[in-house]
Structure formats: structure tokens, C-alpha cells
Amino acid sequence: MKTLANTPAWKALSEHLDAMQATSLVDQFERDERRYEKFQLTAPGWFLDYSKNHINDESMQRLVALAQAQGVPEKFAALFSGDIVNPTEGRAALHSALRYQGNEPIRVDGSDVMPGVRAVLDRMATFSTKVRDGAWLGFTGKRITDVVNIGIGGSDLGPLMATEALQPFAHAALKLHFVSNVDGSHMVSTLKKVNPETTLFIVASKTFTTIETLTNANTARSWFLESDAAESDVAKHFVALSTNAEKVAAFGIDTNNMFEFWDWVGGRYSLWSAIGLPVMLSIGPDNFQRFLQGAADMDEHAKNTPLAENMPVVLALLTVWYSNFFGTTSHLIAPYDQYLHRFPAYLQQLTMESNGKSVHVDGSRVSVSTGPVVWGEPGTNGQHAYFQLLHQGTRLIPADFILAAESCNPCGNHHELLIANCLAQTEALMKGKPTSEVVAEMQAAGVSTEQIDALKTHRTFDGNRPTNTLLTQRLDAYSLGALIALYEHKVFVEAAIWDINPFDQWGVELGKQLASAIYDDMQAAVQAGKPVSSHDSSTNGLINRINSLRNHLA
Ligand code: F6P
């Protein structure tokens, strides 16, 4: 059995751990005046301060040696050159080709994918311009005012997150809506807000077999046809984004209205492909090009920068350091930017669907833990909710704070307060507040000795909690593109170190199969008037109780 823990690079880190746990972050800063200068990096659009981590020069050397030993440079080269890096599905993972700005061919199975990539981008730009300019008309001759994207997972989270993040650049007369959940309330509540004459539906599904998306798309089409629209009007109001022309046609969408992508684009990496159409409709082709450029520049950084100065590599190494050596199990994403409010949800899919794996690429069981739970909410809201646990809870939770120096909406002193809060949190998490300081503060405020004794431990903060701060000038299409690509590569490097496949997602299949069996059993039980008995007693019991609550069974 492969045991990563037995490799020399891993052992070197294990041996180093005690020394790092014996010193605090505050000690490290006191010992090294140049710490901030040393542990910082720049990459396209972004500056990273990673000095508030449990590392020193020695730690970074040992971590970089691990990346080297696990073949990160070779694996990056394989990724970017279109090798089969997803062996369980026999596929390349060439999301970088979707944003590539150079003139070299990028080949899959010997043929250059770039002409196809650019042709689809051109078609998207022509279509978006028509819709944005009011030249694409609905069936009664009115311009499109609302776009409803119907998709789920990678066909929803990326476009939703990016259109929200780039609101300041959005078309003023075009409203974007996203429907993902098979819960009918999602579609019904959205349809209440739109008019069939002026609504464009985008059915986004890589496979075009996803039950949630097809169910929602059917409901939208029926709703559309219940208006005065005829079947022949569907073409003016429905477009598809998919790799599966056959299924798109079978669903009833003209393939002339289909924007194509390819099986070498993973669902959670598809934002840069036709799946980005809602983003292009919202921000326009020129801004979409800036978005691609930001990601392309981050690709060049990831590809060409030595490991120790490579931002995605360093971020990944820190995650490995905490997950595997400090035993952390989750990672907080705290964007201090309201427009990034869906970024943690987007990163959840990117990270957890990619690195939620228990076997190595060769199928053998992993011997160390892999991807952490990723979660978060924007600051400052989080400070008034879950930050208590970060500061005084028993768990160590590494965190990424994401911040722009300038606001997209300058307004009074809001942005200065936002910045101050972001920096205050990382400082507080690191420094904490020792009991001696708590006592001195209370004494100075004239609090009685009894009261001080009763409260001092409650008011003590241990500190020593690690954070990264990612800083950009302003959140715009370029910096957002670069930020997303940064995390894509971080996730890839983590997988490279753990030797797992980040590009498949077999773990989502079982639930889908069982949902389909339960659906059939529930209907059959209703028809037969008999309870279900083919599952475990809990599942049978729940099915039968629900059927009876729905008045189908006495
Ligand atoms: O069920 C998981 C998943 O396959 C994701 O990986 C994917 O992003 C999502 O479903 C949607 O898939 P599709 O775009 O094929 O509808």
C-alpha cells in the first residue's frame, strides 16, 4: 500500500511539527522583523500575505520539497498540455484552454481545440450583443428583459457567483435569474417575476441528463407555451449550453440555439466555456474577455513560477500543512466583499467535489486525510455569527480573508470600516488576548476582584489562529477571473500532493440512483395502495409516512 506518510518529504514535515507547535505566531513575528516581507507573494491581480501562518523558512522549504517530491511541476505540465489527467473518465481537464490567449495549438487526441473554443466564444459574443442591444426579440417583438439560467452544480454555481460578483458591470436593463433546485418553489417563484414575452431561458447542462435541470426546463417550457406562444416560438426563448447535441435536440431545443462545449471541460471548471453565457450576457463580451484574461494570466503564473513563489502552490501547501499535520478538518473562506457572497458556495463545489476522495489515482486507499470542508460567508456579517467559534472555540480553522483596496461603490466611510474590520479579525485571531491583559483592563475599569475572577477566562482569547489575506486593487472582471483560477490551481496542487484524481465525482452517483428507485417505489406504492417494504426500515417508514401525510395511503 502507498503510504504518503512514509515518504522522506512527509517525515521531514512530521519531524518539524513539534518545533512549530511550540512557538506562537506572535513569537514568530517578534523573532523575525522581516516576516511580513518574507511570507508574501504577488500574482496577476492579487497580493497574498501568508505571514500569519504556523510556518518559518524551514517549514516552507520542507513543504516545497513535498510538492517537488509529489511531482507538482510535472503534473502541472500534464494538466496544461491536455494529457489524460482524469483517468477514471479517460479525459483531459483543459479548462485552461478555454481562456488561453496565446497562439500555440492545444491538442486533445492530436487535434487542436483552440479553433473550436474561439468559434463558440465568437458565437456567444454575437448572441450576447444582440440580446444586450435589444436586437434579439421575443415572440411578440419585444426585447428580452429577463434571463433565467436553468442548471445545477457547475452549470449554476459558477455563473451565479460571477454575475453576482460583477454586478457593478451588469447591463442595466437585463435581469439575471438562476434556478437550480428541483424544489418546484425555486422555479415557480422565479416564473412569478418574469413575462414569457420578454424572457430568455438558458438550459445549462454539460450532460443534458441531469434530472433537476430537465425537470425545471420542462416546467419552464410548459409555462412558456401556456402563454400565447406557439411551439415555433420556443427557438426565440430557449437556448442550450451543453456537450450533448443529441439530448438537446431530443429535449426540443434547436441545436442552432445550442452553445457547445466539450467533455474535457469538467462541470465545476466550466464557467469559462459556454456555461459562462449568462455572465457574458450580464457584463458584455469585452468584460468577459477581461475575465478570461485574468484567468489566463493566473494560468501562466501557475505554470511558470517556481514552487516557492507560486501562489496556488503555497496556498495548497498551507492547506496540506494544516489538514495533515495540525489535524484541521475545515477551511473558512471569508470574502470581505458583499459581491462575493456566493464565492464560498462556489468554492465548496470546486474543492469538495474535486478533493473529497479516499483513494489514490491508482485506486489504492489513501493513508492521510484529503480535502477539508470548505465553508464561509462574507464579512462583516460572519463576525456577528460564526466568528465566536473561530476566536474561542476548541477547533483550529485556517481561514482565507479576501479584500479589495477600493470599493466598487464608494460611499461615506463604509469601505474604510470594511477594511478595518477585515484586518482587525486577522490580527485578533493571531494575537488573541491573554488573561493578564483581560485582568489589567478590568482592573482599570474598576471591576471588583470577584467579578474579575468570575469572568477572566471567559474573556481570554488564546489567539494563534492562522489566516491568509488575499488583496486586490478592485474586484472586477480581471481580478475575479484570476481569483477563480488561483483556487482552481490550488485545488489541483492539493490533489497532486495527495495523489488523488480531482476531476471525477463518482460519489454523487449513488444518491442519484437511489433517488430514482425511491421515486419509482413511492409512485408504485400509491398505485397499489400498499406500503413500501423493499428498503431498510427507516427508509420504508419515512416513505410510508410521507405517502400517508400526502393522503395517498390510509
Ligand atoms: O451531480 C454532480 C454533477 O455532475 C456536477 O459535477 C455537475 O456540475 C452537476 O452535476 C451538473 O451536471 P450537468 O451540467 O451535466 O447538468
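Counting starts at 1 for both ligands and their atoms, following the listed order. Side chains included, hydrogens not; waters and symmetry mates left out as well; all remaining heavy atoms used.
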**Q.** Any protein heavy atom < 4.0 Å from atom 6 (O) of ligand 1
**A.** yes
Q: Measure the distances from the heavy atoms of Lys512 to every atom of ligand 1 and state whether one is below 4.0 angstrom.
A: yes
Q: Between Leu214, Thr207, Ile150, Ile152, flag the one that comes closest to atom 9 (C) of ligand 1 by a heavy atom.
A: Ile152
(Q) In terms of relative ring orientation, are Phe291 and Phe288 parallel, tilted or perpendicular, with 30° and 60° separating the classes? (A) tilted
Q) Which ligand 1 atoms does Gly154 reach within 4.0 Å, using its non-hydrogen atoms? A) 7 (C), 8 (O)
Q: Please write down residue, atom name and distance for the protein heavy atom closest to atom 3 (C) of ligand 1.
A: Glu353 OE2, 4.2 Å
Q: Identify whether NZ of Lys or CZ of Arg in Arg290 sits under 6.0 Å from the centre of the six-membered ring of Phe169 and within 45° of that ring's axis.
A: no
Q. Rounded to the nearest 0.5 Å, how far does CD1 of Ile484 lie from CG of Leu347?
A. 8.5 Å
**Q.** Heavy-atom nearest neighbour in the protein, as seen from atom 12 (O) of ligand 1, with distance rounded to 0.1 Å
**A.** Thr210 OG1, 3.5 Å
Q: Can you sort out which atoms of ligand 1 are near Val508, meaning under 4.0 Å from one of its heavy atoms?
A: 1 (O), 2 (C)
Q.
I want to check a possible cation-pi pair here: Arg221 against Phe201, using under 6.0 Å from ring centre and within 45° of the ring axis as the test.
A. no
Q: State the atoms of ligand 1, each with its element, that fall below the 4.0 Å cut-off from a heavy-atom position in Gln505.
A: 6 (O)
Q: Give the ring-plane orientation class for Phe224 versus Phe139, where under 30° counts as parallel, over 60° as perpendicular and anything between as tilted.
A: perpendicular
Q. Would you call the rings of His95 and Tyr269 parallel, tilted or perpendicular, where under 30° means parallel and over 60° means perpendicular?
A. parallel
Q. Hey, does Gln349 sit under 4.0 Å from ligand 1 if you only count heavy atoms?
A. yes
Q) Between Phe76 and His489, does the ring centroid distance fall short of 6.0 Å? A) yes
